[in-house]
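Notes follow the structure.
Lettering follows sequence order; numbering is per chain, from 1.
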Amino acid sequence: CRQALRSAAGPEVDFARAEREYQLYVGVLRGKLGLQVLELPADESLPDCVFVEDVAVVCEETALLTRPGAPSRRKEVEAMKKVLESLNLNIVEMVDENATLDGGDVLFTGREFFVGLSRRTNQRGAEILADTFKDYAVSTVPVHDALHLKSFCSMAGPNLIAIGSSEAAQKALKTMQQMSDHRYDKLTVPDDAAANCVYLNIPNKGHVLLHRAPEEYPESAKVFEKLKDHMLIPIANTELEKVDGALTCCSVLINKTSEL
Amino acid sequence: MTTEVGSETEVKKDSEQLGPDKAKDKPEEASETPVNQKSRETSSEEAQDSSSVPAPTSQSSPGSQKKEKASPESKGISRFLPPWLKKQKSYTLAEPKDETKKRTTGEEQVVEESEGQTSEGVAQPKKSLEEAAAENQHNVKANDKEEKHSVSSAETQPAKDGKETEVEKVAEEKEEKQEEKEKRETKEVQTVEIKTEIIPQKSPKKSKTVQCKVMLLDGTEYSCDLEKRAKGQVLFDKVCEHLNLLEKDYFGLVFYENSEQKNWLDSSKEIKRQIRSLPWIFTFNVKFYPPDPSQLTEDITRYFLCLQLRQDIASGRLPCSFVTHALLGSYTLQAELGDHDPEEHRSDYISEFQFAPNQTQEMEEKVAELHKTHRGLTPAQADSQFLENAKRLSMYGVDLHHAKDSEGVDIMLGVCANGLLIYKDRLRINRFAWPKILKISYKRSNFYIKVRPAELEQFESTIGFKLPNHRAAKRLWKVCVEHHTFFRLVSPEQPPKAKFLTLGSKFRYSGRTQAQTRQASNLIDRPAPYFERTSSKRVSRSLDGAPTGISDQSLLRGLPTTGGQAAGDKILDIEAAGQAKLKEGGEEEDGSPVKTPQLELTQDGKSNSLRVEGENIYVRHSNLMLEDLDKTQDDLLKHQASISELKRNFMESTPEPRPNEWEKRRITPLSLQTQGKKGDHIFQVKTLPGKEKQWTAMPWIAGAKPEETDKRHASRTEGPCTGVSDADKSSHETLDIVEEKKQAEVGIEETLVVDETNKGKMQVATDAGEACKVEHLSKKDSSSLPSDSSSSSSSSESEDEEVGEYQPHHRAIEEVIREEQEEEEDVKRKEHEEKIQHVEATAEGSKLSVPVEHTQVTTEDLVQENAVTIATEEKNLSEEIKQDLGEEKEEEQLRLNGDVSHVDIDVAPQIICCSEPPVVKTEMVTISDATQRTEISTKEVPIVQTETKTITYESPQFDGSAAGNAGVLLSAQTITSESISTTTTTHITKMVKGGVSETRIEKRIVITGDADIDHDEALAQAIKEAKEQHPDMSVTRVVVHKETELAEEDEE
């Protein structure tokens, strides 16, 4: 099962609407997909704490607590740490003060990691990630003109990378393709923001894909709709997008059953 | 005396030894000595007789003549044949003693018998004599060869020889000494016993065995005695035999230089040439990690791979996460201990194993926990599971080398099955798949790769890395060459080409490729061999002890090696030279050095020149190289040998005045002109401005000093000893040559273009490669002048140019051709290697055809023609060389000068770029397909329900090209090949439409494998590679037909 963790919303957004969207998001995960969702308590002192993805990278039995690139977010890690500890994961903390890493820069394909080197993530942070997940190749991808690597891409299937059409996105994709021994399929969508989707492989439900709603990105939605094998669930994310939030940002997917 | 194999030499030695002994003995034993003297004086007749005797034997076997001589002497029987009289006379002197009479009778008989036995018989008489006389086992031991022969002889003539032989032997020996005057100083002989003593002395000389120790993967040690001159293959085969390992191509032997540098033993070379110091200690290791171990045929092979990986993991070379350590450890336990037994396996049973560099209690507990879950797995299954997990590790099979990038930043270069990986710290910062790499080279401590232009780029780029030293660079280069060859190349399909086009550095991977080894292993027909899985405890212990071979090579690499780095190449060359000599003169070791050098020279060719420069290039795609190994290894060795000499000469030669600027100008303009059309070339010229001026100088120099070189060659031939000194000298070379090389390169590049065009024309005229040959031959014959080759259509410039330039041209041309061939090979590779399930690629305007100006001719044809002509040219050259030694040298030097390796690369790109059709993006793929369900039975499983999917990806362009099919069909061919996990059927159709030739390649690739993931991966990889490999070709359609067993579908 998978659990989505989340906390409160950010400022300067239609909070009520953001709340509705968030509830829908959680509702889908919990209700429709039957996932166990652990929600982190909201902390008003941490405006970005809704974007839980950035503070932890979880792969198999190991969780890496990051050191977010934005100093104001460093404290978000604490709440995450508590929850992860309760899940009996092997927890690795990024203590090196020269290292920064946002989970939004980490793309795990199932076979390897790509780490975007962005304003939020540096080489040292990527190294620590590589040390943490030694089984996997960790390749670095320069990210320009975007907040995070996953601001314009994400996994949309077991071997399928959804990628935006912007120059930055395409450039990053080329880099990833060159760096990988594997060959990924790509799903190119017109809108970078829409390329960030949440893929889940759930027993008895198969391939599930949460993607941005047609009302937001109609052209991109059409592309997603061509994925015949996927259970497609459009989700609006208009409000959080205003603060650079994408669909993946609001959850950390963990393949583990909680005993809580 | 040159080397004649064992028996003769041994005999000689014996005789020699005995002789001195006798001499010494004489004073001691007065009675005997006087007899001998008497015999000498008196028995001239006898001597004649003896001489006559050997003659018949000698006829039977020339090699054994010497022996025969000896034997007849002793026997004193030979009366028939006069030719040997001279030598024999001396022999006879010794013989006359007491037993002369008896000898004549008895020995004659013996001789006759031996004659009857043919060649063996000839050898035997001597042996028999010796043995009978000495009756010493020592002899046998000392000389293996002798032993064999002697044994037989002894058996045949036991009684007769007995008494007589003893005396005879002494006499013979003495005689031999006198005759041959090869004086080894053995003292005290004549009695049988004494002889025995002598014999042991002899033995060390000839048999010369060296003890080898090989550390095996299970921690045990294997030792054996090898002949000193044995090649690496001999030892490797012995080890594999000891291990009962058939799929041995994945493995290799490692030795350490200075206890720090890890080197792979080249099985095609003599061991002693590679490992300079005693003792000979090796470790048996996996050299090529199979990407999919499940495809190995035998469990025992997987077992050894497991052992290697356990070492890798425990030493930290192969990093794993905690979970993976635990999982792999648990499989190790299952394989080695069987099912978990709570009674037997207490809590501490695990701590004796080492699963990880830093093993914790927690990990051991986890291992034990997982071990319990593997109940029922057989050792073989457990190993398989182990491998399935290990192969997914990102560093599986990655051979790391320390390096610095162009900015001096520390990085690691990782060589693996798929290509070259670049790491900074633990992060992968770049990757170059083999298909993307056009050329690999190294120069001094720099390592270069030339990569194809990226999609939007026009030019190829060369990326340089700085290795700690020259040797490290060479090691890396070799590893790359080997990995590329092993994993990327299928079996060479066009042997003839291969011969001709052998270029590049001397080194090539001499083993089988993975594809070949798989094919071979498919033929393995034996019951699964029994083998005992030794506990990995041993392994871990050995790790602790830091035995040879286990230590992390990457760490070792970092250590700087002082001095002799530059010489590294050269040393190798020297080695090669030594080998060449040996081979050539299997019979003439000691003797005529003069002959060998000449031979070498004639055969040398390109490789030499390349090497001389100290720059080694490996052009991927060149299946040819593999072929070369098989066929022309000797030649290669010879080449190498000569190279070292050439290098010296080159170095020693005083610099000549520069060539006329005049000619330079001439040349350059031409090249420019020809190239002008080809954008790429111009570009290159610009980059190289400074060098152009100087380049011409080289050829001149070469020409000027032919005589000197000759002399030197002669002196050099003497042997390995000189070789060492050469190495030292060679180190100097680099300094001197560097500039020159560059110059030469530049010049060549320019000229190359011209030649190429010429050739193209020539080919056109002749169409057939043979015709070209004829022309060349005639030219050569007529003219000892260097300017012949490209002559017919060639520009006046080439003619005007001096000899030196001429050859470079040739070479350049050759290389160009290579490149072309490479291109072709790419195509072929696509066919074979690409795993795309139906790929139709259309090349618009073949690359080759454009540059050559033959639009109608198919590219392949052109290439082939070129190759042929080149080859012929080379041959001709060599012939010419033979005729005129002086010229030979000149030419060779020229070759040396023209370190064309770089040049070719440059040239090739030009061609390619010019002709390349616009790159079509095939990425816009529409998935249009339907899923059908049918029942299909797979091979392995009789009845399985399968799911069949057919997906067609078409690029928009396809329609256009397909629609225009109105062209004329030039050729069509279908090639089927099997590689690793795929069976590829390639159908190539060549059409001409409106003057534009179109090559359509349709590949049907059947990928079989267990895991779904692999299929996707393979397919994706294939498509990717196809694109990368043929930027000029576009993938117009991909049809994927997927059959999967439904049962397995659950996975994901």
Side-chain angles (χ1 to χ4, degrees), chain A residues 59-62 89-90 92 110-115 117 122-142 157-161 163 170-171 173-188 201-204 206-207 223 226-229, chain B residues 291 318-327 362 366 389-390 392-396 398 414 416-419 421-433 436 454-456 835 923-931 1012-1013 1016-1025 1027-1028 1050-1052:
Chain A
C59 178
E60 293 166 353
E61 298 291 306
T62 302
L89 292 169
N90 302 315
V92 177
R111 296 192 169 95
E112 63 191 312
F113 285 95
F114 292 106
V115 178
L117 297 181
N122 64 18
Q123 180 94 9
R124 183 70 191 126
E127 284 173 22
I128 291 173
L129 182 125
D131 286 341
T132 305
F133 303 104
K134 289 191 176 124
D135 291 352
Y136 297 98
V138 178
S139 305
T140 55
V141 182
N159 195 40
L160 181 64
I161 296 176
I163 187 76
Q170 291 298 317
K171 189 173 179 184
L173 177 66
K174 281 202 170 54
T175 301
M176 290 190 282
Q177 287 173 332
Q178 177 173 343
M179 302 274 258
S180 177
D181 290 327
H182 304 291
R183 174 73 189 194
Y184 298 100
D185 297 324
K186 68 174 183 181
L187 184 70
T188 305
N201 183 12
I202 302 175
N204 303 322
H207 305 295
V223 175
K226 290 180 182 173
L227 294 171
K228 303 296 185 190
D229 294 339
Chain B
L318 181 55
C320 295
S321 66
F322 174 89
V323 173
T324 304
H325 273 131
L327 182 62
E362 183 187 7
K366 187 71 178 174
N389 285 279
R392 293 199 175 92
L393 295 170
S394 73
M395 298 304 287
Y396 172 84
V398 177
C416 66
N418 294 326
L421 303 169
I422 317 295
Y423 295 91
K424 182 169 183 297
D425 296 312
R426 283 128 292 184
L427 299 175
R428 186 185 292 180
I429 57 173
N430 213 337
R431 168 180 175 273
F432 301 97
K436 180 130 179 132
E455 258 181 58
L456 301 178
K835 298 173 183 178
E923 295 177 358
M924 295 304 293
V925 175
T926 48
I927 300 176
S928 56
D929 245 51
T931 313
D1012 291 355
I1013 298 171
D1016 296 338
E1017 201 176 309
L1019 174 58
Q1021 186 65 26
I1023 296 173
K1024 184 180 179 183
E1025 290 176 0
K1027 290 179 187 173
E1028 290 176 352
D1050 301 354
E1051 295 177 352
E1052 254 214 352

Q: Check salt bridge (charged side-chain N to carboxylate O under 4.0 Å, His left out) between B/Asp425 and all other residues, then give those that pass, not counting sequence neighbours.
A: none
Q. Under a 4.5 Å heavy-atom cut-off, does chain A meet the side chain of B/Tyr423, its backbone, both or neither?
A. neither
**Q.** Pick from B/Asn389, B/Leu393, B/Ile422 with the largest number of heavy-atom pairs that fall under 4.5 Å of chain A
**A.** B/Leu393
(Q) Quick check on the interface: out of A/Glu61, A/Lys228, A/Glu112, A/Gln123, who has the most heavy-atom pairs with chain B under 4.5 Å? (A) A/Gln123
Q. With chain B, which of A/Ala130, A/Ala126, A/Pro142 has the greatest number of heavy-atom pairs at distances under 4.5 Å?
A. A/Ala126
**Q.** Stepwise side chain to side chain contact (heavy atoms under 4.5 Å, CB included) test for B/Phe322 and A/Thr62
**A.** CA-CA 9 Å; B/Phe322 174 89; A/Thr62 302; over 6 Å; no
(Q) Between A/Glu127 and chain B, with a heavy-atom cut-off of 4.5 Å, which part of the residue counts as in contact: side chain, backbone, both or neither? (A) both
**Q.** Part of A/Glu60 within contact of chain B (heavy atom distance under 4.5 Å)
**A.** neither
Q: Just jot down the ring pair (Phe, Tyr, Trp, His ring centres under 6.0 Å) partners of A/Tyr136, sequence neighbours excluded, or say none.
A: A/Phe108, A/Phe113
Q: May I ask you to decide if B/Ser321's main-chain N or O and A/Asp135's side chain share a donor-acceptor pair within less than 3.5 Å?
A: yes
Q. Are B/Thr324 and A/Lys134 close enough that some pair of their side-chain heavy atoms sits under 4.5 Å apart?
A. no
